[in-house]
Amino acid sequence: MTDVSLFVCVLSFATRCDKRGNFLRCVCQEGYAGHYCERCAPGFYGNPMELGNSCKKCDCNGNSDPNLIFNECNNVTGECLNCWGNTSGDNCERCAPGFYGDAISAKDCRECQCDKCGTASCDDRTGVCHCKPGVTGHLCDRCEEGYSGFGSCMGCRRCECASAALRATCHPLTHSCQCRPGAGGRYCERCLPGFWDYSPSGCKKCDCPEENCDMHSGECLPEASKINCDACIWSLIGDIRQSNKTLDQVRNSVLNISTGAAANDRLKYYNYTAHRLQVTTLKPRTVYRNGRPEDVNVREQHAEIDGARVLLERKTEKLSQSDRDLVLRAEDHADDLQRHAEELQYNLKGSDANGHVQKALNAFTVYDNIVKNIDDANITALTALNISSMLQMFSYSVCMCLFVCLVEDLSEIVPELLSKLRVVEEKKPVNNVSTNIMKIRELIAQARSVAKKVQVSMKFNGQSSVEVHPHSNLDELKTVTSISFYIRVDPDKDPIEDRFLLYLGDKQGRKDYMGLAIKNDNLVYVYNLGGEVVEIPLSSKPVSSWPPVFNLVKVERLGRHGKLFLTVPSQDTTAEQKFIQKGEADGTDSLFDLDPKDNVFIVGGVPPDVKLPPALTLAPFVGCIELETLNSDVISLYNFKQLHKMNVLESMPCPRHKLAFSQSRVTSFLFDGSGFALVNNIERRGKIGIVTRFDIEVRTVANNGILFLMVNEANFFILELKNGFLRLMYDFGFTNGPVIMESNLAKLQINDARYHEVSVIYHHSKKIILLVDRSHVKSMENEKKPLPFSDIYIGGAPSSILLSRPELSSLVGLKGCVKGFQFQKNVFNLLEEQGTIGISSGCPEESFMSRKVYFTGDGYLGSTAKISPFQSFEGGLNFRTLQSNGLLFYHRDGLDEFSLSVENGAVVLQSKGTRVRSHKKNYNDGRSHFLVASVTNQKYELVIDDKDKQDKKKPSSSSQSDNVPKTFYYGGSSTSSIQNFTGCISYAYISRQDRDIEPEDFQRYSENVQVSLQDCPLERPPAALHNKDSRESSRRSPGHSRKVGRDESSLPHGLKNNPLDAPETEVASCYLSSRPRVTRHAHHYGGFAHSRHEYTGIARFFISHFSLSLKTQSAFGLIFYLADESEENFMALFLTHGRLVFTFSSGQNQVRIRSKEKYSDGQWHDIIFIRSGNTGRLIIDGLTVLEDRAPGGNISLLVQDPLFVGGVPPDQAKKNIQKTSVSGFSGCVRSLQLNGRWLTSASHSFGVTPCYEGPSEPGTYFTEEGGYVLLDDSFNFGSRFKMVIEVRPRVASGVLLHVFTGEKEYLTLYIYQNQVVVVVNNGIHEFSTYVSPRQEICDGNWHKITVIRDGNVVQLDVDSEVNHVVGPVRETAQNSSSPVFIGGAPASMLPHSLHSRRGYTGCMRNLSVNESPVSFSKAALVSGAVGVGACPAA
């Protein structure tokens, strides 16, 4: 190739070239660069200098680092250089080694769970572990039977013992064999010294004076030959065997190492500092400094201060009446204490191993802040002088309490402080006193939070006890009560005797209570409900067999049902062991009633003023206990009310190895919404540079909460959760004010109880990049300014910070778990940060379970389980409502219904027509009520609040439970006639056939329609709902059910009132997700002329104010229509030439408001249209306000159901809407509201789908919600036809086509677990055939299916793979006008022989019958969630 031809070649990639002097400069096509376009631009690859070559765009499947766009792929080969998201490959097309998942579509590569030592490889798609030779286990985590050497990480080797061994294989850990008498060697392959005659039974003892003989012949040997090197080795082996006896003790000691010997040595120095801090309350301004300090423990200091408290309180009473000089001297004394405290703090911070010291310092910091805010409350007025004296006196009192509060109960001094604060408030102080009082109250709450989270044990000596603060809300304990704690006993040191552990109940032991004890060497859980005492002993793991380490115990009570759990931590060679025992009370009482004025929570022993019930009257405990949780709240023994005979000097707490349990082996921090972490001077660990990066890994189910916040005067940066979605807002003094990054992208929703890694990158001081799970989600640019921050708050912030700017005032603390926070890839231990307040280590799984759900009357929850409500059943739930009617629980099996509901204020159980009704009728009083419904062979029983008990005899029935999963609902149903529930349901449970009774986790439910799983507010309903006609009280309220509807008047007989088949459990997986990315709460209309939603119950309201958001590219189409039967009275919103028109009738006149601008631009627009009497108003995007009115007075708008959105049925609206706009529009609608009330659940749906995001492709899309297309009668599916269709499924099973002639005459084409099946019944009997294509039909590609029928012969062709079947001959012709359903059919019309009766999910295109194309847009009916015209492509 000549230089000239090469030059011409590269110039062919230029759009133009200019010669300037001796130089030629070219403007290149996209993808090319260089003066002569001789190379590929960044982001492209190839070699333009090579003949026939060109530049192509890098294809890294969206898995390359967006920060490295200039090095995305090799500029010649195209090989991707910076795959991320745990992907690899030339095109980042697969998960990296050690990770598995879908790298291309789902982008969910996650770390394999395989044991790295025993695993050869992990399947990059499925995560299946492939083990090294000799290794076995699901995770390749152990040697096969008879193999050893796992620790070498080279696989396991077979270890065979010699014939004199007791077993054929060696021990899997010691790799040695256990020998018979006289035999020795690692594998028992020879005789020991002093033995001879090796055989399978062992060796004989030498019969010699010196017990020394030849091991083969038995001949006695001289004594000199006895001592040799071999004997030395055997002596050494003997010593090792002797030492092996203590290996278990050594191992247990290692497990309990917490702070280490070095930390204990340092504590001796701390004792000296603590000794200097002794309080001499009678001598202000003096500190104990006499003589040489003794070796006193820090906790002894706490006790001494505690003992001085009484004297201190007496002195403070006198202080309030003394002169100001005494107060000032007290304040100076407090300053002296402060200096020593700072010295102690500095030393303690030096070797804080598990964060325990930091917890104590947190308490100190809080009280220090209290004092500072008290000092800030200076008042100059004469009246305020007394107040100032009081506040200074508080300063002295609180300083005295600084160290006591580390182990002393906060509420002993806090009530006095709070009562005096109230006195101050009543005097209406001036200046900033009120603000400081508010801060003091907040800091007191923080101090209490800190005390609850001190994760340190206490050691009980057989005489001591601790009274812990009870739960703040006893109602929370009524239905469910669970307590978890760590316990350590040492059977070798303290013989296991019958001992008391803990008790929660009344002080006399006569009412409801629960407790735990050791009895007969068993852990025993005891509880009493209404006089029924239950004892649950855990006999499967005697206490004497517990290892001398901390074991985890949990007791749980749900209604009448109790469980006892024990977890023994892993011990080198054994996995974590779990033991469970369950029981239940015999009576009907289910609530745990505690008297707020008479209840105690005691641990370890019994105070003198408490009398325990006989079952728990035992000797006090000996050992160590550390409390963990009460229900889902973190609790601590250090939040105690009183200590009894607890000598903190002699009873040092047992250190607990924090990583001993699998649930806590990953460092994580629990935020409960009240605390926060503060990282000061973030640049001490990394510098703010050209690229500055923050990473936080979060797990939560909360809707709102702060992830991290930076504030510096007027500048701020906030990353938060808002309505479950990530939201960024920041302002560094920008000209146009704060920059906000928010969106409803699915990737930004992270409140799904899974861990998500969120990264924020500030690039070149002008661009913010947001990553979620290492995938780029969104970017925004701003004015070029550096980050002006040095401190960062995580998970929350003090109220003073949040109230400093209006943009921050609505922020709330995070409720969830943070596994890691990084700045510039440097990890911070949040517990070790000095500013951290009120967070704890470890995240209990219960924190991420949704036990409560709030229903707004528009939605419901649905799931499936193996239940049998008609045969044997028990279900319970808490409910709270102000509505007189509402469906609580619902199950339907054919025509049989089982329901629990509120009906006119009463609770009703209904099963197969039998009704059990509560006696009381005022359960809609806004209070919490607990109901239990049970079904036995003899009766139906309903119990509310343990008091209202009703039952009825159950009719005899021959039906048996079929052990098949069944669908059930809470809060409403699409098939029930009962009004949906409005209110709160919590702590629900049902008896399942395949698991024990436990609280339902609503987070796991498959159907979640317009409910909140976070909070349970009790809101009054809108005023418009108060005036309901009483006759409507038992009917479904408007929009309270979500049904797939049909134009029933146009359907053949037999199609009416037949709901679609319920979803089936899917086994096979598909390449494409069954739920493409959607815009939340938005629906897409269009594809055929009458696509629409219908809402009923609307006409009962006073129609005045509608609002919605709209996105469309249609120039014409009807958006909204409401009218009476004659359509004389109507209201409508439609598009004409891209402009919006709002029109309605007013008597004989008509108001018509039309926008000047066009809104068919494919962007979202917020629209409000209001009718007020004869005046109309149209407001668009909050900027454009258009108004018009009709002449005359105000006339009411009399309309009737239904309200149409997106379109109308045939021949409707033509009277009032111009011809070009009467058909439905094509586009999306979201946030539809009437008078401020959301309209979320339509009563009928025709051709409406979710509003999908991303690219689309031509076709008809059948969603997972179900639906079908009914063809018109112009297509002949008689005994001879040819049908061709192309499909791209997203679920591996579903009905594609169903031709229904009669109960025994039909043809059905469906897919089932990636097989394509055709079934025919010609009236004689059923016959079928199927094809299993080589390429799975659910692989994400298009597949062509052809069905040819010629009389009794049916041929099925799938991608040129053919099969056929020959059925019986029938001479009479079939009805050619039978209804033809595409994508599904009513359940009643589908044959029961089908393996799958669910609707098809996926895209469908190019349907033809007898060579004639079929247009779904001209179908007789499009029912349900079917989108005609376009499918989501990704």
Could you check whether any side-chain N or O of Asn74 sits under 3.5 Å from a backbone N or O of Leu81, counting only pairs where one atom can act as donor and the other as acceptor? no
Flag side-chain contact, heavy atom, 4.5 Å: Leu726 against Ile750: yes
Tell me the closest heavy-atom pair linking Asp59 and Cys80, and the distance in Å. O-SG, 3.5 Å
pair Val777-Leu771: side-chain heavy atoms closer than 4.5 Å: no
Report the C-alpha separation of Cys129 and Cys122 in whole Å, then their side-chain angles, then the decisive distance to 0.1 Å, and conclude whether the disulfide (SG to SG under 2.5 Å) test is met. CA-CA 5 Å; Cys129 307; Cys122 163; 5.6 Å; no
Got more than 12 heavy atoms from elsewhere within 6.0 Å of CZ, Arg1004? no
Please say whether the positively charged group of Arg693, taken as NZ for Lys or CZ for Arg, lies over the ring of Tyr762, i.e. under 6.0 angstrom from the six-membered ring centre and within 45 degrees of the axis. no
State whether Tyr755 and Lys819 meet the cation-pi test: NZ (Lys) or CZ (Arg) under 6.0 Å from the six-membered ring centroid, and within 45° of the perpendicular axis. yes
Pick out which of Val698, Ile794, Leu814 makes a side chain to side chain contact (heavy atoms under 4.5 Å, CB included) with Phe708. Ile794
Quick one, Phe669 and Leu831 - any side-chain contact, counting heavy atoms below 4.5 Å? yes
Any donor-acceptor pair under 3.5 Å linking the side chain of Thr700 with the backbone of Asn751? no
Modelled atom types, side-chain donor and acceptor of Glu626 and Ser457, under 3.5 Å: no
Working to the nearest 0.5 Å, report the span between CZ of Phe565 and CG of Leu523. 12.5 Å
Report yes or no: do Ser482 and Glu556 form a side-chain donor-acceptor pair below 3.5 Å? no
Donor-acceptor contact present, side-chain Thr126 to main-chain Asp123, <3.5 Å: no
Does the Trp546 side chain pair with the main chain of Lys541, one donor and one acceptor, at a distance under 3.5 Å? yes
Looking only at heavy atoms, the pair that brings Phe485 and Ile625 closest together is CD1-CG2, 4.1 Å
Gap separating the CG atom of Leu566 from the OG atom of Ser540, nearest 0.5 angstrom: 7.5 Å
Between Arg851 and Glu998, is there a salt bridge with N-O shorter than 4.0 Å? no
For Glu683, salt bridge (Lys or Arg N to Asp or Glu O under 4.0 Å) partners two or more places apart: none
Check whether any side-chain heavy atom of Val701 sits under 4.5 Å from a side-chain heavy atom of Gln1003, and report yes or no. yes
Would you indicate whether Cys156 and Cys143 have their SG atoms under 2.5 Å apart? yes
Going by the side chain to side chain contact (heavy atoms under 4.5 Å, CB included) test, name the single residue among Leu770, Ile769, Asn63 that passes it with His776. Ile769
Counting distance only, does the side-chain N/O of Ser545 pair as donor-acceptor with the main-chain N or O of Pro542 below 3.5 Å? yes
Ring centres of Phe828 and Phe823 under 6.0 Å apart? no
Take Cys95 and Cys109 through the test disulfide (SG to SG under 2.5 Å) and record every step on the way to the result. CA-CA 6 Å; Cys95 294; Cys109 293; 2.1 Å; yes
Return yes if some donor-acceptor pair links the side-chain N/O of Asp773 with the main-chain N/O of Glu757 below 3.5 Å, else return no. yes
Going by an N to O cut-off under 4.0 Å, is there a salt bridge joining Asp102 and Arg125? yes
Distance-only, no hydrogens or angles: does the Gln824 side chain make a donor-acceptor pair with backbone N or O of Val691 under 3.5 Å? yes
Will you find, in the side chains of Asn82 and Ser64, an N or O donor that is under 3.5 Å from an N or O acceptor? no
Spacing of OG belonging to Ser840 relative to CG belonging to Leu830, to within rounding of 0.5 Å: 11.5 Å
Within 6.0 angstrom of Arg110 CZ, more than 12 heavy atoms from elsewhere: yes
Decide, yes or no, whether a salt bridge links Arg754 with Asp752 under the criterion of side-chain N to carboxylate O below 4.0 Å. yes
Test disulfide (SG to SG under 2.5 Å) applied to Cys114 and Cys140, step by step: CA-CA 6 Å; Cys114 312; Cys140 300; 5.8 Å; no
Is the backbone of Asn61 close enough, under 3.5 Å, to the side chain of Lys107 for a donor and an acceptor to pair up by distance? yes
Could you walk me through whether Cys624 and Cys654 pass the disulfide (SG to SG under 2.5 Å) test, one step at a time? CA-CA 6 Å; Cys624 286; Cys654 310; 1.8 Å; yes
Does the Asp1001 side chain pair with the main chain of Pro999, one donor and one acceptor, at a distance under 3.5 Å? no
The reported gap from SG in Cys60 to CD1 in Ile104 (rounded to nearest 0.5 angstrom) is 12.0 Å
Taking atom types as modelled, find out whether Arg774 and Asn86 have a side-chain donor-acceptor pair closer than 3.5 angstrom. yes
Drop me the distance from Ile696's CD1 to His756's NE2, to the nearest 0.5 angstrom. 13.5 Å
Can you see which heavy atom on Cys179 is nearest to which on Gly184, and at what distance? SG-CA, 4.1 Å
Is atom NE2 of His130 surrounded by more than 12 heavy atoms (other residues, nucleotides or ligands) closer than 6.0 Å? yes
Testing the basics here: between Lys132 and Thr119, what is the closest heavy-atom pair and its distance to 0.1 Å? CE-O, 3.3 Å
Would the distance check show the side chain of Thr77 and the main-chain N or O of Glu79 forming a donor-acceptor pair, the cut-off being under 3.5 Å? yes
Atom pair OH (Tyr100) and CD (Gln113), whose distance is rounded to the nearest 0.5 Å: 6.0 Å
